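Contents: one structure, followed by commentary.
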Amino acid sequence: MDLLTVFAPAQRQFPFLNAPTNFMEVKSNMPNAKVLAEKQAIVEQLAEKIQKATAGVLVDYKGITVEEDTALRRECRESSVDYAVIKNTMLRFAFNKTGLEELDGLLNGTTSLALADDPVTPARVMADYAKKLGDKFEIKGGFMDGKVVDLATINSLAAIPPLPILQAQVLGTMLAPITGLAVVLKQIAEKQGGGDAAGTPAEEAAPAAE
């Protein structure tokens, strides 16, 4: 008995079985080697960036406009912050390669990552936009010096003034005692000079010779 005889009753009951089928044309859902290699290369590059960065901030953004996104990216470039929207799967692999597995739980929704060579700048830029955009732009968490940090730490970093302002404040604090001393010395000099000008003798006159 051949296969056509075996499947004849089923063909009558299920007409779709009569349609010609080429089983060699069935495509596999598994990605091919080229796609896997490309994804692996992306993960390697991302992991390298994360390792080199001093700090990073994860953001959940949703519904921001093109104008808002353009302004954010421009400010990031001006502040030397590397900012990009990244698939959660890619980030998860990269975090696992860099010892930041604790961040896996934050990888949901639409995620962007801001990286920089100092811990303050990405926190400040992201926090500023979180205030501007509200629910459309929310900080999830981040890392600093290879350690996971929470939202409170990021907000504390964001409150630190930019470096030029901070340098000016420190310099002003250092110069304050010197400035105060200079003012006191000037007041003493003016007082002494004023007394001589008023005719007050600096010492008693010598008695006239006999």
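Counting from 1, the numbers follow the sequence of the chain as shown. Keep in mind that what you see is a predicted model, and the values were worked out from it rather than measured.
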According to a 4.5 Å side-chain heavy-atom criterion applied to Ile, Leu, Val, Met, Phe, Trp and Tyr, with indirect links allowed, do [X] and [Y] form part of one hydrophobic cluster?
| X | Y | answer |
| --- | --- | --- |
| Ile42 | Leu36 | no |
| Leu106 | Ile50 | yes |
| Leu91 | Val85 | no |
| Leu58 | Leu72 | no |
| Val148 | Leu46 | yes |

For Lys132, the salt bridge (Lys or Arg N to Asp or Glu O under 4.0 Å) test, sequence neighbours excluded, returns none
Tell me the closest heavy-atom pair linking [X] and [Y], and the distance in Å.
| X | Y | answer |
| --- | --- | --- |
| Ala116 | Val81 | CB-CG2, 4.3 Å |
| Leu157 | Ala123 | CB-CB, 3.9 Å |
| Gly63 | Lys136 | O-CD, 3.5 Å |
| Lys62 | Asp135 | NZ-O, 3.4 Å |
| Cys76 | Val125 | SG-CG1, 4.1 Å |

In short, salt bridge (Lys or Arg N to Asp or Glu O under 4.0 Å) pairs touching residues 144-158 with sequence neighbours left out are none
What residue pairs, at least two apart or across chains, pass salt bridge (Lys or Arg N to Asp or Glu O under 4.0 Å) with a residue in residues 75-88?
Lys49-Asp82
Has the side chain of Asp69 got a donor or acceptor atom that lies under 3.5 Å from a matching backbone atom of Thr65?
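It does not hold such a pair.
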Counting N and O atoms only, with roles assigned by atom type, does the side chain of Ser156 sit under 3.5 Å from a partner on the main chain of Ala152, one being a donor and the other an acceptor?
yes
Given the rule in the side chain to side chain contact (heavy atoms under 4.5 Å, CB included) test, do Arg74 and Thr70 qualify, once you have shown the distances and angles that lead to the verdict?
CA-CA 6 Å; Arg74 181 171 58 251; Thr70 301; 4.0 Å; yes
Side-chain heavy-atom pair Phe137, Glu68 within 4.5 angstrom cut-off:
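No, side chains not in contact.
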Can you tell me how far apart CG (Leu133) and OH (Tyr61) are? Round to the nearest 0.5 Å.
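Rounded to the nearest 0.5 Å, the CG-OH separation comes out at 12.5 Å.
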Rounded to the nearest 0.5 Å, what's the gap from CG on Asp60 to CD on Glu138? Could you check?
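It comes to 6.0 Å.
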Mind checking side-chain contact (heavy atoms from CB on, under 4.5 Å) for Ala84 and listing every partner two or more places apart, or none if nothing turns up?
Ile86
Less than 3.5 Å apart, which donor and acceptor atoms pair up between the side chains of residues 97-104 and the rest of the protein, not counting sequence neighbours?
from	atom 1	to	atom 2	distance (Å)
Lys97	NZ	Glu44	OE2	3.1
Thr98	OG1	Ala94	O	3.0
Thr98	OG1	Phe95	O	3.2

Sequence neighbours excluded and cut-off under 3.5 Å, please list the side-chain donor-acceptor pairs for residues 107-115, or say none.
from	atom 1	to	atom 2	distance (Å)
Asn108	ND2	Gly105	O	3.2
Thr111	OG1	Asn88	OD1	2.6
Thr111	OG1	Lys140	NZ	2.8
Ser112	OG	Tyr83	OH	3.1

Determine whether Phe143 and Val57 satisfy the following criterion, side chain to side chain contact (heavy atoms under 4.5 Å, CB included), listing intermediate values before the conclusion.
CA-CA 7 Å; Phe143 66 90; Val57 178; over 6 Å; no
